[in-house]
Visitor: 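Please find one structure pasted underneath; my questions will follow.
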Amino acid sequence: MGELVVRGFKAAKFTALGALVASASLLSAPSASAADGDTSVWIRLWDTQTDVNATANFKSYGDQLSVCDNLADGYGAWAGLYKFVYNGNGTFIKSVSAGGKGNCRTNTKNVEEGTVVWIKVCITKDGQNLRCKWSDYGHA
């Protein structure tokens, strides 16, 4: 197998009020923050030798968990949303799967506001998860 590469990031919520607070904090207290939490999560999983490739993301607005299969290679993509993750285990919330180049699917099952969440994205073949990776965390 080739080298397994994972990229993930967290996006922060930023509002006009947050900008005002941030501006005021620059003039007074350096410990104030404009960000009030991570509101989305994104991860990409691919193998550089076999070119299997999947992306997944969660957006708190609409509680959208999406996964995309990015190559026509006979493999599919699966993403699960979890809470209370520790040492690679967590409490399952919901999942979604897709297959076929450019095919994306979304699950909008409600997630309790403020829940800390992680995505587990997997490359699948014949209904089996072959390779999986965890994202950074975000908030619903």
Side-chain angles (χ1 to χ4, degrees):
M1 284 286 155
E3 176 187 351
L4 195 61
V5 182
V6 178
R7 295 185 185 192
F9 70 88
K10 301 180 285 185
K13 192 188 308 182
F14 192 78
T15 63
L17 179 58
L20 181 60
V21 169
S23 298
S25 72
L26 291 174
L27 300 174
S28 59
S31 62
S33 174
D36 63 352
D38 303 313
T39 59
S40 66
V41 182
W42 178 89
I43 188 168
R44 183 174 185 166
L45 170 63
W46 77 94
D47 182 301
T48 57
Q49 184 175 350
T50 60
D51 265 348
V52 291
N53 188 323
T55 54
N57 67 66
F58 174 76
K59 296 177 185 172
S60 64
Y61 183 77
D63 297 323
Q64 299 176 1
L65 174 64
S66 299
V67 68
C68 295
D69 180 355
N70 299 314
L71 296 172
D73 56 7
Y75 293 88
W78 177 90
L81 192 69
Y82 292 80
K83 61 182 178 179
F84 308 124
V85 173
Y86 180 74
N87 279 344
N89 295 300
T91 302
F92 176 81
I93 300 172
K94 62 182 175 180
S95 68
V96 63
S97 59
K101 182 179 180 180
N103 187 13
C104 299
R105 296 264 168 103
T106 300
N107 181 329
T108 58
K109 176 183 172 188
N110 188 49
V111 178
E112 184 178 340
E113 190 74 22
T115 302
V116 178
V117 296
W118 289 260
I119 299 171
K120 181 179 183 180
V121 64
C122 301
I123 302 296
T124 63
K125 180 77 170 181
D126 300 324
Q128 299 294 313
N129 291 341
L130 301 179
R131 291 187 254 349
C132 300
K133 284 293 180 183
W134 288 95
S135 70
D136 290 331
Y137 69 91
H139 292 91

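Numbering of residues begins at 1 and proceeds along the displayed sequence. No experiment lies behind these values; they were computed from the predicted model shown.
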Visitor: With heavy-atom distances below 4.5 Å as the criterion, would you say the side chains of Lys94 and Asp63 are in contact?
Guide: yes
Visitor: Over all heavy atoms of both residues, which pair between His139 and Phe58 is shortest? Give the atoms and the distance, please.
Guide: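 Closest pair (atom of His139, atom of Phe58, distance): O-CE2, 4.1 Å.
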Visitor: Could you walk me through whether Leu81 and Ile119 pass side chain to side chain contact (heavy atoms under 4.5 Å, CB included), step by step?
Guide: CA-CA 5 Å; Leu81 192 69; Ile119 299 171; 4.1 Å; yes
Visitor: Quick check: closest heavy atoms across Lys101 and Ala72, and the distance to 0.1 Å?
Guide: CB-N, 3.3 Å
Visitor: Minimum heavy-atom separation for Ser95 to Asn107, with atom names?
Guide: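 In terms of heavy atoms, the two residues are closest at O-ND2, 3.0 Å.
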Visitor: Give the minimum heavy-atom separation between Ala77 and Ala54, together with the two atoms involved.
Guide: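 Shortest heavy-atom contact: CB-CB, 3.5 Å.
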Visitor: Could you tell me which non-hydrogen atom of Gly80 sits nearest to which non-hydrogen atom of Leu65, and how far apart they are?
Guide: C-CD2, 4.1 Å
Visitor: For Lys125 versus Leu130, what's the shortest heavy-atom pair and its separation?
Guide: CB-CD1, 3.4 Å
Visitor: Do any N or O atoms from the side chain of Asp69 and from the backbone of Gly100 form a donor-acceptor pair under 3.5 angstrom?
Guide: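 Yes; at least one donor-acceptor contact below 3.5 Å.
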Visitor: Taking the side chain as every heavy atom from C-beta outward, state whether Trp118 and Asp136 have any atom pair closer than 4.5 Å.
Guide: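 When only atoms from C-beta onward are counted, Asp136 and Trp118 do not touch, as no gap falls below 4.5 Å.
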Visitor: May I have the list of side-chain donor-acceptor pairs in residues 85-92 shorter than 3.5 Å, sequence neighbours left out?
Guide:
none

Visitor: Should Tyr82 and Val116 be regarded as members of a common hydrophobic cluster, given that ILVMFWY residues are connected when their side-chain heavy atoms come within less than 4.5 Å of each other, either directly or indirectly?
Guide: yes
Visitor: Could you give the distance from CD1 (Ile123) to CD (Gln128), rounded to the nearest 0.5 Å?
Guide: 14.5 Å
